K.L.:
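Dumping the structure here so I can ask a few things about it.
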Amino acid sequence: MMSDGKFPEGSAGGNASSNGAPYAIEVEHIVKKFGDFTAVDDVSFNVKEGEIFGLLGPNGAGKSTLIRMMTTLIPITAGTARIVGHDVQKDPDAVRRSMGVIPQALTSDLDLTIEENLNIYAKLYDVPARRRKAAIDELLELVDLTKWRTAQTKTLSGGMRRRLEIARGLVHSPRIFFLDEPTTGLDPVSRVSVWEMLTNIKSHRQLTILITTHYMDEADRLCDRIAIVDHGKLVALDSPTALKASVPGSNVIEAQFENAPADWEQRLHTLEEVTSVQHEGAGMYRILTGNGSRATTQLVEMAVQAGVPVKSLSVQNTTLDDVFVHYTGRQLRDELVKAYAFVMPPRPGLQP
Ligand SMILES: Nc1ncnc2c1ncn2[C@@H]1O[C@H](COP(=O)(O)OP(=O)(O)O)[C@@H](O)[C@H]1O
Ligand SMILES: [Mg+2]
């Protein structure tokens, strides 16, 4: 596991990053206990202004608890968090004014129209009446909901409701935007459209985004830096590229064999190009290598010579899932299957 010393940017003190830009978020040794249970365990990181920072981890890792502490919704057990320089415990009002939050659960009022939902928030955040309409018009354009402005929220699909909530969270022009799993439960097309919205919004506004997700692919594509959290602890923090580079080998081979002998894992390990092998059960092996094509050739030759049939084989570039396996010994994918096996499918809606 990485130690604090390996987070040159993430754990630096003070309120300016190495390139002089001020930090938007500074979290130092933050802890949250629920009774005897430690949900967040001594986590430290800084987020630079203008960054898209991802918290990636399985269900129950402590992502929402971290967000709820940073956004003043629950008290901190120990440690500190500062949002654009304001301490969340000493100056919660200043923190609330400078941030927008999209909680994990959808919270728009279903009986109101899109526009009415936005108007209520604009009033709640004291957006002056003369600015409200222009602000709402601009946001509706940004999230591509202009033509639905008078539609009742209950008639919208999950993806459209998410986009409404994104607009709602930005109605008072916050500097920091917290989004807790904005794409969970959405179909792939809606997920992409939510991320496109966020990218588009970022190109129009000075905004720092902290987002949680358990989708490795979207964290990989859209975050400048990612903190991997597991069981309340920060296990790795870096850019997606650097995180993947920290895993030995640049390719992952997943191979399934029939009637593999007991020492098959060790034998695979002796292949020249193979850096690590993990037996995942049911004849399935996960093999890390720096050279996918050569390792595949060697592996197939060895299997043919040993008379061990290959049932399936795939070669991929390393993903954040491999990073998660590297630091935790478990697969994020498996954790999610376990966690979401009992979740009901999302309600069908109008359109993505
Ligand atoms: N109010 C609470 N009381 C007791 N335990 C909680 C509470 N909120 C969260 N937890 C526990 O803390 C852990 C982290 O939860 P959470 O932050 O929601 O994880 P994530 O958002 O990463 O899925 C989980 O084990 C969860 O059950
Ligand atoms: Mg959560």
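From a predicted model like this one, the values you see are computed outputs, not experimental measurements. Read the numbers this way: they start at 1 and go in the same order the structure lists the ligands and their atoms.
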K.L.:
Are Thr107 and Arg168 packed together at the side-chain level, in the sense that at least one heavy-atom pair is separated by less than 4.5 angstrom?
P.N.:
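Sidechains of Arg168 and Thr107: in contact.
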
K.L.:
Give yes if a backbone or side-chain nitrogen or oxygen of Ala39 is under 3.5 Å from a nitrogen or oxygen of ligand 1, and no if not.
P.N.:
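Ala39 vs ligand 1: no N/O contact under 3.5 Å.
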
K.L.:
Please report, to 10°, the angle around the Mg ion (ligand 2) from atom OG (Ser64) across to atom OE1 (Gln104).
P.N.:
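Rounding to the nearest 10 degrees gives 80°.
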
K.L.:
Do Asp180 and Ser64 have side-chain N/O donor and acceptor atoms under 3.5 Å apart?
P.N.:
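Side-chain D/A pair, Asp180 to Ser64: present.
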
K.L.:
Would you say Arg175 has more than 12 foreign heavy atoms packed within less than 6.0 Å of its CZ?
P.N.:
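At most 12 heavy atoms, drawn from other residues, nucleotides or ligands, come within 6.0 Å of this atom.
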
K.L.:
Nearest to atom 11 (C) of ligand 1, what protein heavy atom do you find, and at what distance?
P.N.:
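Nearest neighbour among protein heavy atoms for atom 11 (C) of ligand 1, to 0.1 Å: Phe37 CE2, 3.7 Å.
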
K.L.:
Can you name the atoms of ligand 1, numbered from 1 with element, that are less than 4.0 Å from a heavy atom of Ala61?
P.N.:
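Result: 19 (O), 20 (P), 22 (O).
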
K.L.:
In terms of side-chain geometry, is the basic nitrogen of Arg149 or Asp137 positioned less than 4.0 Å from the acidic oxygen of its partner?
P.N.:
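Yes, Arg149 and Asp137 are salt-bridged.
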
K.L.:
For atom 2 (C) of ligand 1, decide whether some protein heavy-atom distance is shorter than 4.0 Å.
P.N.:
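Protein heavy atom within 4.0 Å of atom 2 (C) of ligand 1: present.
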
K.L.:
Between Lys233 and Asp41, is the closest basic N to carboxylate O distance under 4.0 Å?
P.N.:
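Yes, this pair counts.
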
K.L.:
Would atom 27 (O) of ligand 1 count as contacted, meaning some protein heavy atom under 4.0 Å?
P.N.:
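Given the 4.0 Å limit, the answer for atom 27 (O) of ligand 1 is no, no protein heavy atom qualifies.
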
K.L.:
In the protein, what heavy atom is nearest to atom 16 (P) of ligand 1, and what distance, to one decimal place, separates them?
P.N.:
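Answer, as residue, atom name and distance: Thr65 OG1, 3.6 Å.
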
K.L.:
Give the atoms of ligand 1, by number and element, whose distance to some non-hydrogen atom of Ser64 is under 4.0 Å.
P.N.:
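Those of ligand 1 that fall under 4.0 Å from Ser64 are 17 (O), 18 (O), 20 (P), 21 (O).
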
K.L.:
Heavy-atom contacts with Asn59 under 4.0 Å: which atoms of ligand 1 show up? List them by number with element.
P.N.:
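Ligand 1 atoms under the 4.0 Å threshold to Asn59: 23 (O).
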
K.L.:
Quiz question: by atom type and distance under 3.5 Å, do the side chains of Thr150 and Glu115 form a donor-acceptor pair?
P.N.:
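There is no such pair (donor and acceptor under 3.5 Å, judged by atom type) between the side chains of Thr150 and Glu115.
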
